[in-house]
There are 2 protein chains.
Amino acid sequence: MSNVNSREAILTAASTLYATRGYEAVSMRDVAAVVQIKPASLYYHFKDKEALVREAFAHVFAEKTAPMEEVLQVGRSAQERFEAFVAWFVRLLFEDPIFSRLLVRELLDGTSERLEYLSETVFDKPFSQLSRTIADVSGSTEPALTAMSVVSMILGHYLLAGALPHLSGGRAEYGESEVLIHHITELLGRALMSPDFRGEA
Amino acid sequence: MSNVNSREAILTAASTLYATRGYEAVSMRDVAAVVQIKPASLYYHFKDKEALVREAFAHVFAEKTAPMEEVLQVGRSAQERFEAFVAWFVRLLFEDPIFSRLLVRELLDGTSERLEYLSETVFDKPFSQLSRTIADVSGSTEPALTAMSVVSMILGHYLLAGALPHLSGGRAEYGESEVLIHHITELLGRALMSPDFRGEA
DNA sequence: GTCTATACGCGGATAGAC
DNA sequence: GTCTATCCGCGTATAGAC
């Protein structure tokens, strides 16, 4: 195989493994086994494990960075843009397990530098857009805090999905994207459009 | 030292390390070093690493299970009970880093059996209580889904706290428990009390 | 580019002395 | 209960042949 394809294959294998088990738990031998090369060959492409981890992250997040901006500008009214954001983010988390697991791992374990990189490259643009949309919808005095709440609810639903079957009253469809999109836009839509919601604190 | 104290010391050291770095990344040697005994001595108290991990988890979560039920029954009106839940859960997550990190790690990486255990011992009682409270406050036809949303928002805020300094519009106080308690009860209180909120889907 | 061979420390775990 | 001593496989990483 050509060098470019090997590199791609390694990054794909590595990010999948890191998402599934956490990168601490994944050895260079594990990655090599998936790609079907010998461990030593990895070192032709990447200086050391740290370099592979860093580039595997960048690889996954870069794929997501490209399409997101266009997707988020389609909305006409503020309310529609709000709903577009919720739908996009729920689908992203629930339908791309590699992205979502890596994201949560980074939020939990990422160093300050890595979190800064992540925020700047992946999060900040849609987050600003969401903040502006929320300001338009609700007139909140603290749109950024409310935007964090929206993102948080979606992120939290993703995390809770694993525990869902064991919670009393939990139904399987509460883990499906479309059900969640409808529920979250409904619930938060009401909160934001509430006539006397002015933000808080 | 007596066996009981050693055991306690080992469990405390282990759970702290697991919370900080993830249990895959923490060796028996690491645990032994903190307790200041030799690695081999750990095997007098615990059969193997898996047993230590399991008991370290149980140790941390058991500590939290005891007080929570009383705390959650103080509310008089449904609205007050809702606010009591939010305040309790936000403070638990933001003021006990060991508990919160272990919880998120388990939600992300826990096997189905461990998640079942976790749900039954830690989550299910307050969750049922919250579901009932929400049914009382809002008359929602799907109180469990709405309860998940409440828990999700709080969990998500905890996860986002690390990225907060890097988000545009993010202010440091958005990561403080009291500010969040106020914001979340305000935001979700409006959603739940909204006259025509009937749940969804 | 990928291989074989290899170095070497860290990992979990056990046996048996004290 | 805790120790010393030890086993052995896995981990990252390098040198050098093909």
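The chains referred to below are lettered A, B, ... by the order of the sequence lines, with proteins before strands, and numbering in each begins at 1.
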Roughly how many Å is it from OH in A:Tyr43 to C1' in C:dT6, rounded to a whole number? 14 Å

Set out, in order, the CA-CA distance, both residues' side-chain angles and the distance that settles side-chain contact (heavy atoms from CB on, under 4.5 Å) for B:Tyr158 and B:Leu103, then state yes or no. CA-CA 11 Å; B:Tyr158 167 73; B:Leu103 176 64; over 6 Å; no

Counting only side-chain nitrogens and oxygens, does A:Tyr44 get under 4.0 Å of the OP1 or OP2 atom of C:dT2? no

d(CD1, A:Ile37; C1', D:dA13) in whole Å: 14 Å

Nucleotide of C:dT2, C:dG11, C:dT4 approaching A:His45 most closely (side-chain heavy atoms): C:dT2

Electrostatic pair B:Arg21-B:Asp30, nearest N-O below 4.0 angstrom: yes

I need the CE-P distance between A:Met28 and C:dC10, as an integer number of Å. 19 Å

Starting from P on C:dT14, measure out to NZ on B:Lys47 and report it in whole angstrom. 7 Å

Among the nucleotides D:dA13, C:dT14, D:dT2, whichever has the atom closest to the side chain of A:Lys49 is D:dA13

Quick one: A:Gln36 CD to C:dT2 C1', roughly how many Å, whole number? 14 Å

Nearest of C:dT2, D:dG11, D:dC3 to any side-chain atom of A:Arg29? D:dG11

Nearest of D:dG11, D:dT2, D:dT4 to any side-chain atom of A:Ser27? D:dG11

Quick one: are the ring centres of B:Phe99 and B:Phe61 less than 6.0 Å apart? yes

Write down the distance between CG (B:Leu42) and P (C:dG11), rounded to a whole number of angstrom. 13 Å

Could you give the CG-to-P distance, from A:Leu52 to D:dA13, as a whole number of Å? 10 Å

We want to know whether B:Ser128 and A:Ser168 form a side-chain donor-acceptor pair, criterion being a heavy-atom distance below 3.5 angstrom. yes

Would you indicate which nucleotide in D:dG11, D:dC3, C:dC3 comes nearest to any side-chain atom of B:Lys38? D:dC3

From the list D:dT12, C:dC3, C:dG12, which nucleotide is the closest neighbour of the side chain of A:Ser41? C:dC3

So, for A:Tyr18 and A:Phe57, is the gap between ring centers shorter than 6.0 Å? no

